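None of these values were measured; they are calculated from a predicted model. Here is the naming used below: chain letters follow the sequence lines, and residue numbers restart at 1 for every chain.
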Protein chains: 2
Amino acid sequence: MPESDLTSLLDVALDEARAGLAEGGIPIGAALFAADGTLLGRGHNRRVQDGDPSMHAETAAFRAAGRQRDYRKTVMVTTLSPCWYCSGLVRQFGIGAVVVGESRTFTGGRDWLAEHGVDVTLLDDERCVTLMEDFIAARPELWHEDIGEAP
Amino acid sequence: MPESDLTSLLDVALDEARAGLAEGGIPIGAALFAADGTLLGRGHNRRVQDGDPSMHAETAAFRAAGRQRDYRKTVMVTTLSPCWYCSGLVRQFGIGAVVVGESRTFTGGRDWLAEHGVDVTLLDDERCVTLMEDFIAARPELWHEDIGEAP
């Protein structure tokens, strides 16, 4: 898929991230697409909104997509490089491709996924970088909580 | 902790697994405990019950425990060796120890967790083995769906 098409998929995830921020939450969004670009599910981090630490953005998008029988041709698009939890999700369910908005503020498991055959594309999108940099500067304690970094 | 104490923690997870089976679901249960044995959260796989593929047993127990600021001294007890998704959860949030009911029917990421410093104990509990063997024999398609093995 051309990078311009991937950016339009990223826009869906970015809308989710911004919606999360507007709700007072952590601004990370994701969306799961079929190979033809059909949206299967979208979501954002809900730690603050629902008091639910299990709802990272990728998990929320995966959940919203409901039960699927085969993820091999699906694409997980996320504003931020997936953490180990969300990388484990991708690997276990055999999601074929991951499109990452940015990985400057966080690395997570993207290299591990690529080593295990997942097609990983890093867009290095400035909008995603700015969103996370501003959030981490404003709410460092919340950011550290969300990635399991103890005080 | 002595193995007899770990078995009493496993009993909580096993109760969850049996509750899931009674609901028509996948019989995998888990519970998250504090270092002193205080129960923080318990849950079971809810793929069938809620149509929610993101609620594996360990994830459900983690969710039920709500927002915690430090997981280093917590213990995740699960009837079945954690898949990559749930192993990723353990690694990302720094859960210090994992107690596994059985790993004969499924391996997942338990060795990977041990390599990354998690204290992993395998109880090889016959009740857990029988529960999973019977379930996999009765509902192979559901089992394969739950671990992302495409048809």
> Verify the cluster assignment for A:Leu6 and A:Val118: are they in a single hydrophobic cluster under the rule of side-chain heavy atoms below 4.5 Å apart?
no
> Using side-chain heavy atoms (C-beta onward) and a distance below 4.5 Å, is A:Val48 in contact with B:Arg67?
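Result yes, sub-4.5 Å side-chain heavy-atom pair found.
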> Check the pair A:Trp112 / B:Trp84 against ring pair (Phe, Tyr, Trp, His ring centres under 6.0 Å), numbers first and verdict last.
CA-CA 12 Å; A:Trp112 180 74; B:Trp84 287 113; 5.6 Å; yes
> So which residue, A:Asp52, A:Ile95, A:Asp70, ends up with the most heavy-atom pairs under 4.5 Å with chain B?
A:Asp52
> Starting from A:Leu113, can I reach A:Leu32 by hopping between I/L/V/M/F/W/Y residues whose side chains sit under 4.5 Å apart?
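Yes: a chain of side-chain contacts under 4.5 Å links A:Leu32 to A:Leu113.
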> Under a 4.5 Å heavy-atom cut-off, does chain B meet the side chain of A:Asp146, its backbone, both or neither?
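For A:Asp146, the backbone is the part near chain B, not the side chain.
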> Search all heavy atoms of B:Gln68 against all heavy atoms of A:Glu145 and return the closest pair with its distance.
O-CG, 4.3 Å
> Answer yes or no: is there a side-chain heavy-atom contact under 4.5 Å between A:Tyr71 and B:Pro53?
yes
> What pair of heavy atoms forms the shortest contact from A:Ile147 to B:Gln92, and how long is it?
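Minimum heavy-atom separation between A:Ile147 and B:Gln92: O-NE2, 2.9 Å.
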> Do A:Val75 and A:Val12 sit in one hydrophobic cluster, given that two such residues count as connected whenever their side-chain heavy atoms are within less than 4.5 Å of each other, even indirectly?
yes
> Is it the backbone or the side chain of A:His56 that comes under 4.5 Å from a heavy atom of chain B, or both, or neither?
side chain
> Can you hop from A:Val77 to A:Met132 via hydrophobic side chains spaced under 4.5 Å?
no
> Does any heavy atom of chain A fall under 4.5 Å from the side chain of B:Arg69, the backbone, both, or neither of them?
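Interface part for B:Arg69: both.
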> With the 4.5 Å side-chain cut-off for hydrophobic clustering, are A:Leu14 and A:Met76 part of the same group?
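No; tracing contacts between hydrophobic side chains, which count when under 4.5 Å, never links both residues.
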> Does any heavy atom of chain B fall under 4.5 Å from the side chain of A:Arg72, the backbone, both, or neither of them?
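Interface part for A:Arg72: side chain.
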> When the ring planes of A:Phe62 and B:Tyr85 are compared, do they come out parallel, tilted or perpendicular, using 30° and 60° as the limits?
tilted
> Taking every non-hydrogen pair under 4.5 Å, which of B:Cys83, B:Ala60, B:Gly94 racks up the most with chain A?
B:Cys83
